[in-house]
Each structure stands twice: as structure tokens, then as C-alpha cells.
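Below: the structure, in C-alpha cells.
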Amino acid sequence: MKKYINVAFKNAGKTLKVSVAALMMLTVTVSCTEKELLEPTPITSLSDLQAFATPDRILAQVYGLYGSAKSGQLFGGRYLIYNEIRGENWLNVTSNGVTGLQTWNHTNNSSSNEPTNMWNAAYLAVNRANLFIEGLDKNPNVVDATTTSQYKAEARFLRALIYFSLVNTYAQPFNKDAGASLGVPLRLKGEVGSGNNNLKRSTVAEVYAQILDDLNFAEQNLPASYSSALLNTTRAHKNSAIALKTRIYLQMSRWSDVVTEANKIVSTTSPFKASTGVANALQANIASVFAAPYTTVESIFSFPMGDNDLPGTQNGLHSYYVPVTGIGDYSLNPAGVVGNPAFTATDARRTNFIKNDIAGDGGRIRLLKFPTGPVHKDFVPVIRYSEVLLNLAEAKARLAGTAVDASALALLNAVRGRSTTAYAAADIATGTALVSAILTERNIEFLGEGFRSIDLQRNLLALPAKPTVAAIPTTSPAYIWPIPQTEINVNKDCLPNP
């Protein structure tokens, strides 16, 4: 692993080297107010003894872990963008080579900036989580045992989320061969130098097993809730871990496990809601989910943005989707999901978020889910309650086979019915038709939120063609991203993708 993993700590009196990337991303705070969660103050040098000397400093590091994960190269924007524009719903407007053009047209290679920068940001965040966990073990009794376990759980939740992003970007889908393909290097120990660079790629199945182990630990040790709506949205709690597990099991086609996990936080009848922990539930108005303060109970986990920790130029979601001050690199493809008859003209998701009459934009179709700009301050949604309902609906529908599962249809209609006309029983004739309707609903509901290519790949579907861009079949090397050449250069055990 490269030196970008180093951190600004001192150890046993010896200062460790810190890369430029690490200094830019090391956002640790020295107090624990909600304002600092939104606007952390960077600290560039802190000894390990100082960093774990007080409860406030330890909590500051917890916030720093979230800060690393929401790098603009990762969950602050680009990870979501890349998973969107690899699909069919987007047209490139600006031909800007630094805003995802190679991802959109599937021409990334192992030396391209997009796969390289995301890999670096992801492994930096993983290493920070590993170092933090080890630091807690080396500095016991500063905080009580319950709090220590909670902080480890938050670190492991974030590590799981990041490894999920890595394994679904740089490796073959689990469903191709039950996870037998090469995944990514599974780094679980903190590194402060280059001595352990060489590490082979674990299999996809091994990476998934670690993700689930982290999330099971997180579920057991995270708090049921926090003291405010902001913290319930921006720090992981039990429902966050459970909800993410439904996503993981869905990706693995483990339908019964999806049902088991989702049933922990979804009531058996409508109106569906969580009965334990945070009272997660759908909002009656979809627009409220994407409006300040972004802390409705539908938002199970989001990354906040504040004045001092914005995702950076050409990273934020707004700058890709909205044509303000010369930006807005991607418009919606009329032949994509916005042209699907299931996305009705009166759908609240269309009337609130889809516009084609922006002055000076030539009638392009734009997504306005993230309207705050040109400085991007909209929270980045990672897990919403609507996803859990649709995950559960799909799992139940697939378990039912050719029959139409009534509870799966009810779950689908809970999401669809708050924005447009729900399906009648007569509209869905077979189990296959129900699954298809659920997948279409996911494409509508999560438009712009980073789900599209993941859904295509877990179903072993080609990445569809777009104007001037051919479809990418599952057998193409371009179906997944290349392992960055910078990693291969320093990690002699890391094999490239064929």
C-alpha cells in the first residue's frame, strides 16, 4: 500500500511521514458539538498519546473518520456520481475530462485519475478506521467500555461501507460466481509506513464476509439512537447497520437474510416504520427528504456538508447535475428512466426534481435533488428508509417465485404511492412482473443517488448503451474498473484485473 495511508501522528517520540493527501483529508476536531460534526477543524499533527488522552479528543477522531469517508473523491460526491453515470440515465454535456467523462464513456484504464483517486481516498479512510480501532485498544480506560465498543462499531460501520464501495467497483459482482472472483486487498491493520505494502487481493466472498462481520459487530454495539435528529442522521446507529445489511444481502441474492434483517426495522403492515431505535419511516412528501435540515427519519444515514468541509471543486453532486455558473456536467437522457411510462407525469419525484425549462440550458432535462450551489451543502444520502422497503419487497418477491407476494406489493406501493398512483393488484400479474416493477421503482426513487450501476451489475446485466457510447457486456474488461497502476506498482502481490 502506498504512503498515502500515513497519518499525522507521532509514535514513541518519532514523527511519522504524512502525505499531502493525508494532510488534506485528516479532519479531526477538538470538541464534540454538532457544529463541529458539520464543520470539523483540521489538525495536522498530533501524537498518539495526545490523540487518545481525553474523551473529547477520542470523540474528535470519531468525527474525523466520518470526515475521511465523505471525501469528495468518495462519498462526498464522486462515488455516487460514478455509479450513476456508468448507467443509461445520463448524457455528458461538457466533455470535461476531469468530471467523470472516462467513467461515462467506459474508457478508464489503470492509470486514469478516476479509479486512482477513489481507490486512494477509500484506503486512506479504511486505514484511519484501522488506526483508530488499534489506538483505542492501546489507550484503555480513557472512555468507558460501552463507549469504546460504540466508537469501534462506528469505525467498523464506515469500514464496511467503504469496502462495499470498493468491491462493487473494482471486482466482479458476487452473483457472477458466488464471490469466487478476485476482490480487493482486505486491509484490517493500521499502517504507518510502507513495510506492509504487499497484500494479495481477497476474493469477493471474503470481502463480503468481512463486511458482514463488521456490520454484525456494529449492530450489537452501536446506540439505538442519539440525542438529536442531526446525529441520528449523520452518525451510525443500530438501524443504520441493519439497513446496510439489507443492501449487502440483496447484493448477494441472499433473499431470506434480507427479509430477516429488514423485519427488524420494518413493521408487518402499513404504515411501515421502525418500532425500535430511531423511528425510521417514509416521509409523506418526498421533497422534504432533500430539503434543509435534511434530518427527517427517512434519512437513516447521510453525510453532512458544512462550510469548512465541502466536497471540493467538481466533486459535489450539485455541480454535476445542475447547470449553475457554467457547471452541470450531466443532463438526463430522455431515453433513460425519465422516459419510462412508470415514471408518470404527475409523479412527485418528477414534479419536484425534474426540470427541462432552466433558462439558457437549451431544454436539457436536469435533476434538482441537490439544489444548493454553486457551493454544495446538501447532505449526501447514503441509506434511506425507502431503500429498506424496496430491498424487502424485492427479496419477498423473489422468494415467492412466479406468485405475486401481496406483502411485497404493499411495500412497493408504500414507496410508489407517496409520489404517484400505486399499483392495483390487477396491474401485476406474475412474480416476474413484480420484480421488474420493483427494479424500475428503484431506478426512479434513487435517481442521482448512486445506485444504478450497482443494481445493473448485481443482476448481471450489461451496462446499457447511450448516445455515442456502446453497451458494455458483462464479459467486457470495462464492466468493472481497473485496479490502479499506482497500487500495482507498490503492492507486488496485487494482481490487476484482466
Side-chain angles (χ1 to χ4, degrees), residues 4-11 15-76 120-139 142-143 147-148 150-162 165 187 189-192 214 218 222 226 230-231 233-236 240 301-312 315 379-380 382:
Y4 63 75
I5 62 172
N6 294 345
V7 293
F9 285 178
K10 295 179 181 178
N11 186 24
T15 301
L16 300 172
K17 294 181 179 179
V18 184
S19 72
V20 173
L23 283 174
M24 291 176 65
M25 296 184 66
L26 186 62
T27 53
V28 181
T29 63
V30 293
S31 64
C32 55
T33 66
E34 292 178 359
K35 187 174 188 296
E36 267 90 16
L37 176 62
L38 291 168
E39 302 176 7
T41 303
I43 294 176
T44 57
S45 183
L46 201 63
S47 74
D48 58 348
L49 293 177
Q50 291 173 327
F52 291 90
T54 69
D56 278 355
R57 285 184 176 178
I58 293 175
L59 179 56
Q61 291 188 73
V62 175
Y63 287 161
L65 300 181
Y66 289 94
S68 284
K70 68 175 182 179
S71 159
Q73 295 292 340
L74 194 55
F75 286 99
N120 290 357
Y123 274 105
L124 173 62
V126 165
N127 193 60
R128 291 200 61 198
N130 293 340
L131 287 166
F132 175 72
I133 292 168
E134 292 170 6
L136 286 174
D137 289 336
K138 294 175 183 177
N139 295 272
V142 180
V143 294
T147 304
T148 296
Q150 176 194 323
Y151 290 168
K152 287 182 179 180
E154 289 185 80
R156 292 183 68 171
F157 171 86
L158 291 169
R159 187 170 69 181
L161 181 66
I162 294 164
S165 73
R187 297 189 180 274
K189 296 180 179 179
E191 302 291 351
V192 293
D214 279 346
L222 287 169
Y226 294 94
L230 176 62
L231 294 177
T233 302
T234 57
R235 287 182 70 180
S240 310
F301 181 70
S302 299
F303 283 110
M305 293 296 164
D307 289 332
N308 293 338
D309 65 339
L310 296 168
N315 289 335
F379 283 22
V380 177
V382 178

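Only this structure's heavy atoms are used, side chains among them; waters, hydrogens and symmetry mates stay out.
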Shortest non-hydrogen separation from [X] to [Y] and the atoms involved:
X: G190; Y: L131; value: CA-CD2, 3.7 Å
X: V143; Y: I58; value: CG1-CD1, 4.3 Å
X: Y226; Y: A236; value: OH-O, 2.6 Å
X: M305; Y: P311; value: SD-CD, 3.6 Å
X: F301; Y: L158; value: CZ-CD2, 4.2 Å
X: R235; Y: Y151; value: NH2-CE2, 3.8 Å

Derivation of the side chain to side chain contact (heavy atoms under 4.5 Å, CB included) call for F157 and L65: CA-CA 11 Å; F157 171 86; L65 300 181; over 6 Å; no
Under 3.5 Å donor-acceptor, E191 side chain and N127 backbone: no
Test item: R187 side-chain N/O and Y123 main-chain N/O as donor-acceptor pair under 3.5 Å: no
Pair E154, Y66: side-chain N/O donor-acceptor within cut-off below 3.5 Å: yes
Exercise: do R159 and N130 side chains pair donor with acceptor under 3.5 Å: yes
Any Q150 side-chain heavy atom under 4.5 Å of V62 side chain: no
Side chain to side chain, N120 and Q73, heavy atoms closer than 4.5 Å: no
Rounded distance (nearest 0.5 Å) linking atom CG of L74 with atom OG of S68: 9.5 Å
Distance in Å, N139 CG paired with Q50 CD, rounded so as to fall on 0.5 Å steps: 11.5 Å
Partners meeting side chain to side chain donor-acceptor pair (under 3.5 Å) with T147 (sequence neighbours left out): D144
